[in-house]
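Given the structure is predicted, the values throughout are model-derived calculations rather than measurements.
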Amino acid sequence: MNCKVGFVLLAAMLCPSSWATLRAEAATDDARREVSLNGDWNFVIDQYDADRGIARGDRAWGKNDREEYSIDDAETLRVPGDWNSQREDLKYYEGTVWYGRHFDIKPEAGRRYLLCFGGVSYRAKVYVGGKEACTHEGSFTEFTTDITELLKDGDNFVAVRVNNRREVDAIPAMSFDWFNYGGITRDVTLRIVPQRYISDYFIQLDKHRSDLIHARINLSEAVAGQTVTLSIPELKKTIKMTTDDAGIASADIPVKKLTRWCPANPKLYKVELRTADDEVTDEIGFRNIEVQGTQVLLNGEPIFLKGISIHEEIPMQKRRACTEADADLLLNEAQALGVNVIRLAHYQQSRHMVRGAERRGIMIWQEIPVWQAIDFKNIKTLEKAQRMLSETIQRDKNRCADCFWGIANETRNTPERNKFLSSLLQTGKDIDTTRLFVAAFDLAYFDRKADKFLMNDDFYQNLDMVGINKYMGWYEGWPKAPKDIHWEVATDKPIFISEFGAEAKAGIRGQEDVAGSWSEDFQAKLYRMNLEMFQNIPNLAGISPWILFDFRSPTRLHQTFQEGFNRKGLVGDKGERKQAWYIIHDYYQKK
């Protein structure tokens, strides 16, 4: 069976005192409990995909008594974490690695046991007690599988076959400009819920009104006539709803004196959901986000988007960012820069990033990794993209900081692509109409005859806001002085400069007019020139430099200056702020 999407159900991530024996610690109520399966997992490298009984935890290959390996005696990898940074022999490994661990539990009658993975890169096949529980494809979305029927009283063994090999029909595909980390890179938990539990909910402010909240709550079973109570104590609101034949309860809730979430005041409300069997508590913010002409409106007021792009990586340690502390490190640097929006590039990032941004009052552009070399003619690739977008929205649809769903980055204008993106966009809108749908394009060009920037694309009209990636002065020379360059691109839409910049190695000083100097001076001057040019974009709604930190990429091969890093960061791979960081900081302060 396939893994189901893991829904947003708030509970404490509690680490047991022993990784061998797990005890279900109480969360916010007696209805549901959650235990962490993070920690040290045994692993076996399976380069040729031999399997040989690893899923069952067998100690030998074959039927005789000779033991050729034992996963129980194998070395360990830290979960969450990528395998590339934990072992030198796995630094560039692309292939299969088996993870395995034991845990003790006493299953209780009337309970369901849900095994939840925050992210596994890239393909996962999960076994419990030697029996397949689920499969999942996609590094950056979480998945959940019900393992109630696979558990036994006492010792249980879970194994995960993880494979990060690049494939032509994958998303992303064979080539991409970031590091292909493999492993169980996000939290693993065992969620214990009632037999009939709250499986999903969507509680959002109306897209246009500030005095109306829409609520929809799904039960895990399609049972009519069940009472669901929703409470927002601070608003003095408590309503009772009744499920329909599909097990869904819904209501429109008028509210007064609601404080809307915004960067200056990231207000969150405690929201409680109760049924006869279950209880869920969340903190939810309420805001309106929409487009009016060429402006983005937050809570009815125009807002200039002061952004930065962020990879989910700790460059100082050359590893995937996996923990809440990692997210804090990245977000603290973004906050110091003065941003009000972050672009999570080029893939969905962890709950820690999303929750952390929301608490700080930072809006989010979150996108799926439909990037350049995607096979737009392949229906199976489209199905994967649709599932990834669905899983992204399902997890974070109650997070008010998520204001922009990104469906693609730097794709070519072809009939196949347009059909692909149209289907993908419809998938998103079928789930959520309260956000803005966006994509980033690198198709803007300077037309010398027209003496201005133009863009030919047959799809952008379908979007709420248009992202433009343009590396003037780096990949493309200046056609004239920046102050004299004018733009006529997507003139009826808000334009967001989603990428610009240049590479510079932190600490190198040199000629500001020579790109080959790889100097902070050149990067800084290029930033000043781009900011000057942006003043001539009449429909400019915001900017997002590429990128916050230098990041790893095997495509960056300059042995002196790149060393396997894309050096476009405002901050170097050792944490040094470059001159361009201060230019953007001052620009945002004035904005």
Quiz item: Does E520 use its side chain to pair, donor to acceptor, with the backbone of A506 at less than 3.5 Å?
Solution: no
Self-check item: Residues N340, L298; criterion side chain to side chain contact (heavy atoms under 4.5 Å, CB included); working and verdict
Solution: CA-CA 12 Å; N340 60 18; L298 180 66; over 6 Å; no
Quiz item: With ring centroids as reference points, do F500 and Y471 lie under 6.0 angstrom apart?
Solution: no
Quiz item: Side chains of T392 and T141: do they bring a donor and an acceptor to under 3.5 Å?
Solution: no
Quiz item: Does NZ belonging to K270 count more than 12 external heavy atoms closer than 6.0 Å?
Solution: no
Quiz item: Is there a donor-acceptor pair closer than 3.5 Å between any side-chain N or O of R343 and the backbone N or O of S498?
Solution: yes
Self-check item: Cationic tip of R287 above W261 ring, under 6.0 Å, 45° of axis
Solution: no
Quiz item: Does K207 pair with E290 as a salt bridge, N-O distance under 4.0 Å?
Solution: no
Self-check item: Residue Q292 excluded, over 12 heavy atoms near CD under 6.0 Å
Solution: no
Practice problem: Before accepting this row, confirm whether a basic side-chain N of the pair K91/D82 lies closer than 4.0 Å to the acidic partner's carboxylate O. | Solution: no
Self-check item: Criterion salt bridge (charged side-chain N to carboxylate O under 4.0 Å, His left out) on D211 and R260, from CA distance to verdict
Solution: CA-CA 10 Å; D211 61 352; R260 287 181 287 182; over 6 Å; no
Quiz item: So E367 and N409, side chain to side chain donor-acceptor pair (under 3.5 Å) or not? Walk me through it.
Solution: CA-CA 8 Å; E367 64 191 42; N409 177 63; 5.0 Å; no
Quiz item: Which is it for D177 and R556 under the side chain to side chain contact (heavy atoms under 4.5 Å, CB included) test, yes or no, and what are the steps along the way?
Solution: CA-CA 8 Å; D177 189 21; R556 304 293 168 166; 2.8 Å; yes
Exercise. For N398 and I203, work out which heavy atoms get closest and say how close.
Key: OD1-N, 2.8 Å
Quiz item: So do F446 and D451 actually touch side chain to side chain, heavy atoms under 4.5 Å?
Solution: yes
Quiz item: Is the NZ or CZ atom of R320 positioned over Y347's six-membered ring, under 6.0 angstrom from the centre and within 45° of the axis?
Solution: yes
Quiz item: Checking side chain to side chain donor-acceptor pair (under 3.5 Å) for the pair R417/T411: CA distance, chi angles, key distance, verdict?
Solution: CA-CA 8 Å; R417 183 213 66 169; T411 57; 3.2 Å; yes
Practice problem: Locate the shortest heavy-atom distance separating V255 from I213; write the atom from each residue and the value. | Solution: CG1-CD1, 3.8 Å
Quiz prompt | Single hit among F140, F179, Y181, W546 for ring pair (Phe, Tyr, Trp, His ring centres under 6.0 Å) with H311 | solution = W546
Practice problem: Determine, for D432 against R435, whether the closest basic-nitrogen to carboxylate-oxygen distance falls under 4.0 angstrom. | Solution: yes
Quiz item: Hey, mind stepping through Q366 and Q348 against side chain to side chain donor-acceptor pair (under 3.5 Å) and telling me if it holds?
Solution: CA-CA 6 Å; Q366 191 162 196; Q348 315 89 316; over 6 Å; no
Quiz item: So, are E283 and R359 salt-bridged, with charged N and O less than 4.0 Å apart?
Solution: no
Quiz item: Quick one: which of Y582, Y588, W581, Y587 gives a ring pair (Phe, Tyr, Trp, His ring centres under 6.0 Å) with H585?
Solution: W581
Exercise. Search all heavy atoms of A334 against all heavy atoms of I310 and return the closest pair with its distance.
Key: CB-CD1, 4.1 Å
Quiz prompt | Lys/Arg-Asp/Glu bridge criterion (N-O < 4.0 Å) met for D447, K449 | solution = no
Exercise. Measure across E312 and S350 and return the closest heavy-atom pair with its distance rounded to 0.1 Å.
Key: OE2-N, 2.9 Å
Quiz prompt | Sub-4.5 Å side-chain heavy-atom contact between Q386 and S423 | solution = yes
Quiz item: Which pair of non-hydrogen atoms, one from F453 and one from A444, has the smallest distance, and what is that distance?
Solution: CD2-C, 4.1 Å
Practice problem: Could you check E234 against K267 for salt bridge (charged side-chain N to carboxylate O under 4.0 Å, His left out), going step by step and ending with a plain yes or no? | Solution: CA-CA 12 Å; E234 192 172 345; K267 173 66 177 176; 2.7 Å; yes
Quiz prompt | Considering all heavy atoms, the nearest D206-N288 contact | solution = O-ND2, 2.6 Å
Self-check item: Verdict with supporting geometry, R351 and D187, side chain to side chain contact (heavy atoms under 4.5 Å, CB included)
Solution: CA-CA 10 Å; R351 288 175 182 257; D187 297 312; over 6 Å; no
Quiz item: N38 side chain to V188 main-chain N or O, any donor-acceptor pair under 3.5 Å?
Solution: yes
Self-check item: Face-on cation placement of K525 at F522 ring, 6.0 Å and 45° thresholds
Solution: no
Quiz item: Of K318, K578, K568, K574, which is the lone residue that meets salt bridge (Lys or Arg N to Asp or Glu O under 4.0 Å) with D550?
Solution: K578
Quiz item: When you look at L329 and M316, which way does the side chain to side chain contact (heavy atoms under 4.5 Å, CB included) test go after all the steps?
Solution: CA-CA 11 Å; L329 184 154; M316 293 77 80; 3.9 Å; yes
Quiz item: Are the charged groups of R355 and E324 less than 4.0 angstrom apart, N to O?
Solution: no
